[in-house]
Number of protein chains: 2
Amino acid sequence: MQELKSTVQKTFAIIEHFTSERPEWGVTELAQEMGANKSTVYRFMADLSKLGVLYKHPITEKYSLGLKLFELGGRVNLKSAFIDKTHPELVEVSKSITETVHLAVLKNNQVFYVDKVESPQGLKLSSQIGSYNPAYATALGKVLLAYLPNGNKEQVLDFIFSKRNITSLTNNTITSSKNIKKELSKVKAQGYAIDKEELELGLICVAVPIFNLNNEVVASLSASGPANRFEESKVSNYVATLKKGAHAIQQKIGYFKP
Amino acid sequence: MQELKSTVQKTFAIIEHFTSERPEWGVTELAQEMGANKSTVYRFMADLSKLGVLYKHPITEKYSLGLKLFELGGRVNLKSAFIDKTHPELVEVSKSITETVHLAVLKNNQVFYVDKVESPQGLKLSSQIGSYNPAYATALGKVLLAYLPNGNKEQVLDFIFSKRNITSLTNNTITSSKNIKKELSKVKAQGYAIDKEELELGLICVAVPIFNLNNEVVASLSASGPANRFEESKVSNYVATLKKGAHAIQQKIGYFKP
DNA sequence: TAGAGCTGTTTCATATAATAAAACAGCGTT
DNA sequence: AACGCTGTTTTATTATATGAAACAGCTCTA
């Protein structure tokens, strides 16, 4: 934990450990997990409990996320102009395509999921609003990379493809710098990207760019679903629907820059 | 701000200033509001923005609450966060009224059932902890909507009442935006809501608000039962009992205010 | 066009709060 | 009764937060 400089960062490093997979932590085990001192973590958790950010179960004495975060989260949801403006369009696209639809931006050189509408066909994807995925293994990421401004494109791509950042997620993942550059040219030429089980086996994804008023790509819109539902013949229809949605979103968010 | 000892408390003191009434702050004005140093507040806000807890508008440079809080809010397990503190009170109220008692919050613009105590008279309601019902057709929902902060009230109501979201569940369901607004004014004026077979034929429900320390409504408490047991004369007694219960719950979920 | 008056941001010596080892306390189990 | 596991408190030490001042960038306005 000593590598985190500010207390604000430490605070949220602790909070972030409470995930849906691991919603409960004791003081000692969380300190161990974080490689931090027990009494330090204790003080943070005690403070956060006093504020209602964490909730301490009166019997088990385990901590979990508290009502304060629910309340604050609710304030964001209702106020956020971004999601308020894009969500209805995502709903439209999802209805039309009947698959899960994502809106993502590039953040820290990764795909950052901003909004999501689940498929009415009820296939659960592991993606979550606010989470990240590698850019090189997703259709969303390919679009965001393909349209990077020429000024720093090479730089960003070289950084992403420095060996330590790349892991092969499936047999189809593109792991070489040369091949991804070829792929990105193709994406830019055809105006959309496709991910054929490169992130996860059985999962296919199609994505299109969302432009701002300066013709820069600020976000990407995608449809994802099981491979058996994404026949070649359907893709062009999906792309057309996604582009219509992307266009509608562009009209609404002329100002947004991530 | 110097009276706040720990940095964790300072962090959330800053975050708490972003309310629905005042969702945007600049560095200088927030520092003034808090009686704190400008550069101190700046560092906090810069750190929080890096984490996505705050969002800095690229043009106005004003800060607002960010996606990270939205994400964290979604992770909170309401059942475990509420139920330990509220359940005993629900039992009390249910004993006194001898009808089924519910505790609910507004989530995704719908009524979300957090806790429930069944009537000792053994009428089974279809409601379940963790399930949803439309806000406009329940007493719980009317309370939660009536006390929405003025900042985004209109927006939320308009969203809920865009035609495709409304279905008439019984002959009594209020389905027009105009009528629900009238109804909500009434609810706020009298301090409680009543649902006369608007969700389900034969089912009547009375609900009161639960406030937090900022006088914002965070939840709603209700009693429900068959229409023939809810005579006009009893309702005022039910409301009184519910309010007593709501008050007791408020005492328990009132957190330390930074 | 010069300058006043706002912003947000950076710097740096100083003060203060965060840290971590150790001891403590409470609870079950052996 | 002694062990091993919790969460909690204490303490001297160290590292971090602080805030005054200066800077930078912008929009008015005279």
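Chain letters run A, B, ... following the sequence lines, proteins first and then strands; every chain starts at 1.
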Can you tell me if the side-chain N/O atoms of B:Arg43 get under 4.0 Å from OP1 or OP2 in D:dT18? yes
Would you say a side-chain N or O of A:Lys10 is under 4.0 Å from OP1 or OP2 of C:dT19? yes
Nearest atoms (heavy-atom pairs only) where A:Leu221 meets A:Gly245: CD2-C, 4.0 Å
Rounded distance (Å) that lies between atom P of D:dT18 and atom CD of B:Gln9: 12 Å
Between A:Arg22 and A:Glu33, is there a salt bridge with N-O shorter than 4.0 Å? no
OP1 or OP2 of C:dT9 sitting under 4.0 Å from any side-chain N/O of B:Tyr42? yes
D:dT9 OP1/OP2 closer than 4.0 Å to side-chain N/O of A:Lys38: no
Can we say B:Glu92 and B:Lys244 salt-bridge, meaning some charged N sits less than 4.0 Å from an Asp/Glu carboxylate O? no
Do the side-chain N or O atoms of A:Thr7 get closer than 4.0 angstrom to the phosphate oxygens (OP1, OP2) of D:dT16? no
When the distance from CG of B:Leu30 to C1' of C:dC6 is rounded to whole Å, what number comes out? 17 Å
I need the CZ-P distance between B:Phe44 and D:dT16, as an integer number of Å. 14 Å
Rounded to whole angstroms, how far apart are CD on A:Glu61 and P on C:dG28? 11 Å
Taking CD from A:Glu29 and P from D:dG4, how many angstroms apart are they, rounded to a whole number? 20 Å
Whole-Å distance separating the NZ atom of B:Lys56 from the C1' atom of C:dT7: 11 Å
Closest nucleotide of DNA chain D for B:Ser39 versus for A:Thr28: which of these residues is on the 5' side? A:Thr28
Look at the side-chain N and O atoms of A:Thr40 and state whether any lies under 4.0 Å from the OP1 or OP2 oxygen of C:dA20. yes
Is the closest basic N to carboxylate O distance between B:Glu24 and B:Lys56 below 4.0 Å? no
Mind calculating the distance between CG (A:Leu48) and C1' (D:dG7) to the nearest angstrom? 16 Å
In this structure, how many angstroms lie between the P atom of C:dA13 and the CG atom of B:Asn37, rounded? 17 Å
Assess the side chains of A:Tyr42 and A:Asn37: does a donor N or O sit below 3.5 Å from an acceptor N or O? no
